[in-house]
Protein chains: 2
Amino acid sequence: MVARSNRVTIHDVARAAGVSVSTVSKALNDTGRMASETREKIKAIATDVGFRPNALARSLLSNRSFTVGLLTNDTYGRFTLPLMSGISEALVDHGVSVFLCAIEDDPALAKVHVDAMLDKQVDGIIATGKRVDRSLPVDLAGLPVPVVYAFTEGVPGSVILTADDADGARLAVERLRKVGRKWIVHVTGPDSFVSAIERADAFRQAVGPEALVLHGAWTEAWGHEAVAMLWGGDKPTPDGIFCGNDQIARGVVDALREKGVRVPEDVSVIGFDNWEIFADQTRPALTTVDMNLKELGRMAGLTILDLAEGRAVEAGLRKLPCKLVVRQSCGGDREI
Amino acid sequence: MVARSNRVTIHDVARAAGVSVSTVSKALNDTGRMASETREKIKAIATDVGFRPNALARSLLSNRSFTVGLLTNDTYGRFTLPLMSGISEALVDHGVSVFLCAIEDDPALAKVHVDAMLDKQVDGIIATGKRVDRSLPVDLAGLPVPVVYAFTEGVPGSVILTADDADGARLAVERLRKVGRKWIVHVTGPDSFVSAIERADAFRQAVGPEALVLHGAWTEAWGHEAVAMLWGGDKPTPDGIFCGNDQIARGVVDALREKGVRVPEDVSVIGFDNWEIFADQTRPALTTVDMNLKELGRMAGLTILDLAEGRAVEAGLRKLPCKLVVRQSCGGDREI
DNA sequence: AAATGATGAGAAAACGTTTTCTCACGTTGA
DNA sequence: TCAACGTGAGAAAACGTTTTCTCATCATTT
């Protein structure tokens with residue numbers, strides 16, 4: 001309930017042990033020369049009085065703050081949180097803490113946050129966003145600390161980590177084929193999204209020349225609409241639908257159910273994102289492509305650490321493979 | 001592309017200006033005595049060479065790091081992100097950055113994070129979680145820094161901020177009454193949740209002795225089930241349904257639509273949480289209670305700041321009012 | 001003309017560490 | 001017996017700031 005700083009410093013330990021602060025420092029860091037009894041005694045006393053070195057003082061000297069910044073404009077957190085979780089998990093073992101800065105597409109706010117982090121001597125900055133083909137509203141080039149871009153557009157020559165959309169599409173098609181689907185269509189988001197394009201291209205490549213890709217919004221409503229279109233004409237209806245995200249997939253599955261089409265018996269559906277809140281709640285639960293965002297976060301964390309510690313890292317765009325999470329909407333889930 | 005620390009320090013400024021570091025410091029901080037020309041000249045030179053004071057060095061001296069920690073076990077981020085957003089928004093103006101630590105109900109991990117933050121001399125810690133009636137798996141009492149609990153259980157005598165569940169329930173009932181509903185029921189989550197209990201109690205108090213509360217899971221499926229029960233017997237069916245969260249509400253609305261019951265013409269539905277991804281996508285879009293989590297975050301941020309700066313703060317549980325977000329599922333939305 | 005006071009600016013200490021340098025002491029070898 | 005050497009431990013500098021103290025210089029007053 002009191003005062004300034006009752007925190008125990010290295011001086012307190014030195015006094016308690018009857019030695020100098022240098023000796024304490026060397027004892028605790030296992031450096032320097034000294035009698036091993038002295039070392040052990042000092043260590044014992046240090047833990048006894050609950051000494052924990054002040055990281056700030058240490059950083060001042062070492063030029064390493066064991067702190068990194070995560071800059072994001074994904075306020076909703078759909079992508080940022082798994083990423084954050086991976087970053088944190090990878091770095092906590094190295095004693096590194098993460099500043100989270102939510103900048104909402106506001107350049108001024110972004111600058112304030114970046115400056116604050118630089119002032120606090122972060123060892124590096126990880127930039128992330130909600131769209132792979134958009135960059136944050138702040139220029140991170142030429143900063144005095146390394147920068148890694150994860151799931152957002154980065155400047156040329158920088159390190160950019162992202163999910164391999166094409167791989168995800170291939171995984172989905174492969175699965176649909178494996179459960180015996182012949183006429184597979186792709187219902188996805190607007191073709192103004194690079195992710196949508198890349199998935200669609202890979203989809204076309206995997207399915208062949210007759211491939212059908214329907215672009216729309218990233219919404220349930222578009223899923224409903226697409227089903228209405230596909231089942232509305234007199235053309236043959238597909239037996240497999242690969243959706244651009246889980247919301248579309250949810251719309252598709254609901255629409256099919258309302259139509260009396262059985263999923264997965266009559267039609268197999270695969271989503272994208274593995275957003276559990278959607279994938280799990282859909283009836284039947286969605287088989288869906290997971291972008292491994294947590295793993296992407298781990299990679300980003302370890303990469304920024306490499307850079308901070310001066311190790312060489314290959315620049316350029318690096319795409320991490322996706323994985324398929326099998327639930328019920330595609331069928332074939334019991335065969336395993 | 002090189003070396004150690006090209007960062008410009010106060011010494012560089014002093015050299016460039018031909019004065020001592022003390023003079024520079026006083027010039028930039030508008031303290032001390034000096035000719036105003038000197039002051040201005042130094043300021044000009046400082047911005048010229050791009051000097052930014054090293055916050056670490058400053059912190060070492062002032063015992064203030066302008067850094068707080070946010071501890072959460074809400075990996076999904078449903079509650080943490082709006083809170084975080086509010087905290088960050090409130091604190092960025094004061095130059096304070098936020099460490100986000102995701103501890104997944106793992107006491108050891110929690111301790112590691114807390115220790116790392118303490119070593120880094122955070123000015124305070126905000127604890128938050130996914131449930132108001134559960135505490136984090138780590139003891140935050142007796143820490144050398146102030147702690148504020150937001151949306152999670154705190155130790156007695158601490159500062160605890162949370163949403164006023166009863167207020168939310170009252171808002172919902174009030175609205176349903178206002179649009180002319182007479183027979184209102186409450187479909188909510190398990191009665192093992194304090195939130196569910198408090199809302200249910202307030203609901204009963206507002207509706208009267210004949211109030212009907214149905215407890216189930218926090219899922220869409222339970223919404224469907226509840227509708228099946230309510231419309232299954234030969235009792236009169238309700239014309240207003242207040243749901244414990246937006247997922248239940250979504251289930252209820254979907255089930256009613258499938259039944260041919262019109263929302264909001266025949267039945268008004270109100271949700272809880274204002275989880276936009278659900279509230280917006282439901283047809284019709286959900287009128288729902290918003291817990292003002294961002295505001296709660298702001299309060300938490302300002303409170304921790306007050307405590308860090310030694311201002312007195314009243315301990316105890318503080319409940320922040322909710323607000324109703326009007327969309328279409330309740331009706332009466334066009335009257336305004 | 002001397003004493004007083006105001007003004008401008010620098011020196012030094014401090015924050016809590018780590019690291020390098022120095023030194024006293026005791027042991028070994030010739 | 002003396003030089004050389006190894007060992008244990010402390011002194012001091014350094015990191016980049018802020019703050020207190022001291023001290024010239026110059027203008028004002030008597």
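Letters go in sequence order (proteins before strands), and every chain restarts at 1.
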Participant: Please work out which of the three classes, parallel, tilted or perpendicular, describes the rings of Phe99(B) and Phe99(A), given edges at 30° and 60°.
Facilitator: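 Judged by the thresholds at 30° and 60°, the geometry between Phe99(A) and Phe99(B) is parallel.
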
Participant: Rounded to whole Å, how long is the line connecting atom CD of Gln121(B) with atom P of dG16(C)?
Facilitator: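 Checked: the CD to P distance equals 9 Å.
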
Participant: Please classify the nucleic acid contact of Thr38(A) as base, sugar-phosphate, or nothing, using heavy-atom distances under 4.0 Å.
Facilitator: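 Touches sugar-phosphate only.
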
Participant: Check every atom of dA9(D), dC15(C), dT19(C) against the side chain of Met34(A) and return the nucleotide holding the closest atom.
Facilitator: dA9(D)

Participant: Would you state whether a donor and an acceptor, one from the side chain of Ser22(A) and one from the base of dA11(D), lie under 3.5 Å apart?
Facilitator: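 Per atom types, the contact qualifies.
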
Participant: Judged by modelled atom types alone, do Thr23(B) and Ser20(B) share a side-chain donor-acceptor pair under 3.5 Å?
Facilitator: yes

Participant: Assess whether a salt bridge exists between Asp74(B) and Lys130(B), defined as any Lys/Arg side-chain N lying under 4.0 Å from an Asp/Glu carboxylate O.
Facilitator: no

Participant: Quickly work out the Asp12(B) CG to dG16(D) P distance and round it to whole Å.
Facilitator: 9 Å

Participant: Any base atoms under 4.0 Å from Arg58(B), or only sugar-phosphate, or nothing? Heavy atoms, all strands.
Facilitator: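 If one applies the 4.0 Å heavy-atom cut-off, Arg58(B) turns out to touch the sugar-phosphate alone, with no base involved.
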
Participant: Return the minimal non-hydrogen interatomic distance between Ser65(B) and Lys120(A), and the atom names on each side.
Facilitator: O-CE, 3.7 Å

Participant: I want to confirm an ordering. Mapping Gly32(A) and Ile10(A) to their closest nucleotides on DNA chain C, which one lands closer to the 5' end?
Facilitator: Ile10(A)

Participant: Go nucleotide by nucleotide along DNA chain D from the 5' end; which of Ala57(B) and Arg33(B) gets its closest nucleotide reached first?
Facilitator: Ala57(B)

Participant: From C-beta outward on Val19(A), which listed nucleotide comes closest to its side chain: dG16(D), dT18(C), dG10(D)?
Facilitator: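 Ranking dG16(D), dT18(C), dG10(D) by closest atom to the Val19(A) side chain puts dG10(D) first.
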
Participant: Specify the separation, in whole Å, of atom CG of Asn63(B) and atom P of dT17(C).
Facilitator: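 Answer to the nearest Å: 11 Å.
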
Participant: CG of Leu60(A) versus C1' of dT17(D): gap in Å, rounded?
Facilitator: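 It works out to 8 Å between those atoms.
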
Participant: Side chain of Thr23(B) only, please: which of dA9(D), dA9(C), dT17(D) is the nearest?
Facilitator: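 Out of dA9(D), dA9(C), dT17(D), the nucleotide with an atom closest to Thr23(B)'s side chain is dA9(C).
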
Participant: Measuring from the side chain of Lys26(B) (C-beta onward, heavy atoms only), which nucleotide among dT17(C), dG8(D), dG10(C) has the closest atom?
Facilitator: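 Ranking dT17(C), dG8(D), dG10(C) by closest atom to the Lys26(B) side chain puts dG10(C) first.
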
Participant: Where each residue is assigned the nucleotide of DNA chain D containing its nearest heavy atom, which of Arg39(A) and Val21(A) is assigned the position nearer the 5′ end?
Facilitator: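 By nearest-heavy-atom nucleotide position, the 5'-most residue is Arg39(A).
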
Participant: The side chain of Ser25(B) lies closest to which of these nucleotides: dT19(D), dT18(C), dC15(C)?
Facilitator: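 Shortest atom-to-atom distance from the side chain points to dT19(D).
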
Participant: Could you tell me the separation between the CG atom of Asp30(A) and the P atom of dA9(D), rounded to a whole number of Å?
Facilitator: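 Rounding to the nearest Å, CG of Asp30(A) and P of dA9(D) are 14 Å apart.
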
Participant: Mind checking Arg52(B) for me? I need base, sugar-phosphate or nothing, with any heavy atom below 4.0 Å counting as a touch.
Facilitator: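 Sugar-phosphate: the residue Arg52(B), judged by heavy atoms under 4.0 Å, touches backbone atoms but no base.
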
Participant: Can you tell whether the side chains of Glu295(A) and Lys323(A) come within less than 4.0 Å, N to carboxylate O?
Facilitator: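 The answer is no: the pair does not qualify as a salt bridge.
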
Participant: Calculate the interatomic distance between Leu61(A) atom CG and dA14(C) atom P; express it in whole Å.
Facilitator: 19 Å

Participant: Could you tell me whether the phosphate oxygens of dC15(C), OP1 or OP2, come under 4.0 Å of any side-chain nitrogen or oxygen in Asn54(A)?
Facilitator: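 It does not, given that no N or O in the side chain of Asn54(A) lies less than 4.0 Å from OP1 or OP2 of dC15(C).
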
Participant: Looking at side-chain heavy atoms only, is the closest gap between Leu71(A) and Ile103(A) below 4.5 Å?
Facilitator: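 Touching, per the 4.5 Å side-chain cut-off.
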
Participant: Tell me the interatomic distance from His11(A), atom NE2, to dA12(D), atom C1', rounded to whole angstroms.
Facilitator: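 So the two atoms are 12 Å apart, to the nearest Å.
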
Participant: Whole angstroms only, please: what is the CG-P distance between Leu28(A) and dT19(C)?
Facilitator: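 Whole-Å distance recorded here is 13 Å.
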
